[in-house]
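Remember, it's 1-based here, ligands and their atoms both numbered in the order they're listed.
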Amino acid sequence: MTKNGTSPDSQLMEKIVSLSKRRGFVFQSSEIYGGLNGAWDYGPMGTELLKNIKEAWWKEMTYRSDIEGIDAAILMHPRVWEASGHVENFTDPMVDCRECKARFRADQIEDSMCGNSGYKGRKASKCMAEGKFTEARKFNLMFKTFIGPVEESTNAVFLRPETAQGIFVNFLNVQSASRQKIPFGIAQIGKAFRNEINTKNFLFRTREFEQMEMQFFVKPGTDEKWFEYWREQRMQWFIGLGMQKEKLNWHRHETDKLAHYAKDAYDIEYEFPFGWGEIEGIHNRTDYDLSRHEQFSGKSLKYFDEATKEKYTPYIIETSAGASRSFMAFLVNAYSEEEAPTADGKTEIRTVLKFHPKLAPMKAAVFPLVNRDGMPEIARRIEQDLRPHIRVFYDDSGAVGRRYRRQDEIGTPFCVTIDSQTLADKTVTVRYRDSMAQERIADDRLLSYLMDKINGK
Ligand code: GAP
């Protein structure tokens, strides 16, 4: 504990949330109205980072011959959610405090604090022990809305709580349109909504978030092999994008805790400042989803294998990542504070976001060392040359050391400085964010040099 009673980890989380706001990664939704619980807005840097994460996932998953991409509607026929089991099973147990009216998930009382501001620091479990809570009752997490002007139950629809169902119901459409043969997959990125009882930990548990889901359709009997394959692939994806291995962990769901559809399930967990938390689930969903949609729609969703003349309901291996949660994990993973020398020979603490160059929201910054001797003109030309290819920032204000620090804070991997030597030999200095080492590069090679670095060549 520190002097003001906060733990070092909660301080770290506060620093990350504050940097996120200051540098334009994440803002509270509707902030000027006091914010909306469980909803966040991505600022200029955050939008770019999120887009880069989704693009890296999309390329990884769909730039291969056996996976197709789709973009299904958020609103779906209400029967979908009966078939999926969400109407019946997508519930959390909820209790209310009779005294302060706070609402808690009955299975998370241990982690919760009393809602009465007069009892600062009091655990909710104490209130429960004193008998202040109502009996637990089931609360469905789906957001309900109505199609058309009349708010009647017959017009009720739900905002999708997962993107997966849009894939299941399109299984045969995609298979026949793309002439895929089993095994093959369908991938999708999109918004999902859950009316979480308690939102918490910044982007970790929100009511509106984005998922990156892929459903891989396989022949029954080959499912366990594909399950292992996809477990390995998905872990490597996070590591390949710079996640520290020791911060990643597998959590296998115990048999009695498996979701109603799953035969086996593992979570990839990341060690956040507040503890380990799931960022992606890999599930063996068996033939549950297609069988249920067959039953509820009355339409066959069986696959016919031309080669063997067999007809069967495929098993599904699902990889289900949160884009928003991955964003938060990549942000936390990148955050670092370290000692760095200042121009006058002292040291200072620099805050640096060590994103993989592929994910970095700003790829390069261009600085004229001084605003004279033709340096700004060369720097502007270099900026214009780079701009169609990568996001680049031009900065000519303040000492160059300050400019480096500003870029470190948003994780810009390369800073390009135009100095007096540039005037003599047409080379520029490239300074690396992580090592702070500098190298001279011919300015006509700069673009291809940076592109190779960004693409990991
Ligand atoms: N189709 C399966 C499915 O949706 P899930 O474990 O409920 O499985 C998958 O969700 C992923 O979606 C999680 O690993 C997490 O990254 C993300 N996720 C789920 N609920 C979330 C929430 N309330 N806020 C942010 N991300 C969430």
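With respect to atom 24 (N) of ligand 1, the closest heavy atom belonging to the protein is T206 N, 3.0 Å. Looking only at protein heavy atoms, the nearest one to atom 6 (O) of ligand 1 is E278 OE2, 3.1 Å. Protein heavy atom in closest approach to atom 11 (C) of ligand 1: S320 O, 3.7 Å. Considering only non-hydrogen protein atoms, atom 17 (C) of ligand 1 sits nearest to G322 CA, 3.7 Å.
Comment: K181 does not engage D305 in a salt bridge, judged by the lack of any side-chain N to carboxylate O separation of less than 4.0 angstrom.
Among the candidates I186, D66, T313, V174, the single residue satisfying the side chain to side chain contact (heavy atoms under 4.5 Å, CB included) test with F217 is I186. When each of R285, H293, R292 is tested with D289 by the rule side-chain hydrogen bond (donor to acceptor under 3.5 Å, both in side chains), just one qualifies, namely R285. Partner of R103 under the side-chain hydrogen bond (donor to acceptor under 3.5 Å, both in side chains) criterion, chosen from T134, D96, N198: D96. Each of F171, F184, W226 was compared with F216 under the ring-ring contact (aromatic ring centres under 6.0 Å, His included) criterion, and only W226 meets it.
Counting only non-hydrogen atoms, the option in M212, Q211, R207 that gets closest to atom 12 (O) of ligand 1 is Q211. Heavy-atom proximity to atom 25 (C) of ligand 1, evaluated over F204, F168, F327, Y270, is greatest for F204. Considering Y261, F90, F209, W40 only, the shortest heavy-atom separation from atom 21 (C) of ligand 1 involves F209. With R194, R325, E213, E196 as candidates, the residue nearest to atom 5 (P) of ligand 1 on a non-hydrogen basis is R194.
Counting heavy atoms under 4.0 Å from ligand 1, residue E280 touches it through the backbone alone. If you look at I279 next to ligand 1, the close heavy atoms, those under 4.0 Å, all belong to the backbone. At a heavy-atom distance under 4.0 Å, only side-chain atoms of R285, from C-beta outward, approach ligand 1.
Taking a cut-off of under 4.0 Å to the non-hydrogen atoms of E318, the atoms of ligand 1 that pass are 1 (N), 2 (C).
Ring centers of F204 and F274: under 6.0 Å apart, within the cut-off. Note: Y288 and H260 meet the aromatic proximity criterion, with ring centroids under 6.0 Å apart. Between F133 and F104, the distance from one ring center to the other falls under 6.0 angstrom.
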| request: Test ring-ring contact (aromatic ring centres under 6.0 Å, His included) on F202 and F272 and set out the steps. | output: CA-CA 11 Å; F202 194 31; F272 291 100; over 10 Å; no

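For a threshold of 3.5 Å applied to N or O pairs, the pair formed by R205 and ligand 1 contains no separation below that value. Considering backbone and side-chain atoms alike, H283 places every N or O at 3.5 Å or more from each N or O of ligand 1.
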